[in-house]
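Positions are given from 1, in the same order as the sequence printed here.
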Amino acid sequence: MATVETVLSSIFSTIPELHSGQLGLLSGVLVGMLYWHGYRRPALALLTAFYLLALGIVPGSTRGLIVAQSNPWYFCSFLLIASLSVIGATAVRARVARSSRHRTRRADGKPSEW
């Protein structure tokens with residue numbers, strides 16, 4: 001039977017990889033929360049900034065980015081997975097809300113009363 005330790009050790013071979021993945025997941029959740037609450041452009045700008053900082057394209061404080069830049073593949077993949085899943089959920093939520101509003105209107109365009 002697989003335990004949490006064996007599953008994590010099969011995905012991550014070192015502790016910095018695990019920490020880089022966790023940091024990417026948390027950063028993706030932050031970007032997703034900003035996007036969910038309506039800050040679309042700042043969220044996408046922050047997503048781009050995190051991604052470029054992790055890859056080392058944009059210079060930043062090396063002291064704070066050592067974990068993310070040591071294993072950027074883990075950071076960037078978890079960052080994109082978390083943020084794009086929240087962005088996708090936001091799009092689905094908007095589509096469902098829009099379709100439910102159209103269903104509750106009567107033929108004359110007035111909302112139906114329950």
Side-chain angles (χ1 to χ4, degrees):
M1 180 170 220
T3 63
V4 174
E5 292 85 13
T6 58
V7 171
L8 286 177
S9 67
S10 68
I11 297 172
F12 305 104
S13 60
T14 63
I15 295 297
E17 291 173 355
L18 179 64
H19 289 287
S20 180
Q22 288 173 340
L23 188 61
L25 184 67
L26 289 173
S27 300
V29 168
L30 174 68
V31 168
M33 293 294 290
L34 285 173
Y35 194 89
W36 184 274
H37 288 288
Y39 301 103
R40 309 270 193 261
R41 286 187 181 169
L44 295 176
L46 187 62
L47 174 66
T48 305
F50 280 151
Y51 197 83
L52 294 176
L53 280 170
L55 293 179
I57 296 172
V58 175
S61 166
T62 57
R63 186 173 153 203
L65 294 173
I66 290 174
V67 172
Q69 288 179 347
S70 67
N71 294 304
W73 187 86
Y74 289 99
F75 178 83
C76 293
S77 61
F78 280 101
L79 171 70
L80 289 176
I81 289 169
S83 58
L84 292 180
S85 62
V86 174
I87 289 171
T90 304
V92 168
R93 183 185 69 144
R95 179 171 282 206
V96 168
R98 197 174 334 124
S99 69
S100 67
R101 277 193 304 234
H102 290 295
R103 273 189 270 144
T104 59
R105 295 195 177 268
R106 295 190 315 201
D108 58 0
K110 295 181 181 177
S112 63
E113 298 175 14
W114 298 88

Exercise answer: donor-acceptor pairs, residues 21-44 side-chain atoms, under 3.5 Å, sequence neighbours excluded:
{"residue": "Ser27", "atom": "OG", "partner": "Leu23", "partner atom": "O", "Å": "2.8"}
{"residue": "Arg40", "atom": "NH1", "partner": "Tyr35", "partner atom": "O", "Å": "2.4"}

(request) Say whether Val86 and Ile81 are linked into one hydrophobic cluster, either directly or through other cluster members, by side-chain heavy-atom distances under 4.5 angstrom. (result)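 Val86 does not cluster with Ile81.
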(message) So, taking the atom named OH in Tyr51 and the one named CG in Leu47, what distance separates them when rounded to the nearest 0.5 Å?
(response) 9.5 Å
(message) Please report the interatomic distance OG(Ser83) to CZ(Phe50), rounded to the nearest 0.5 Å.
(response) 10.0 Å
(message) Restricting to side chain to side chain contact (heavy atoms under 4.5 Å, CB included), what partner residues turn up for Trp73, sequence neighbours left out?
(response) Ser77
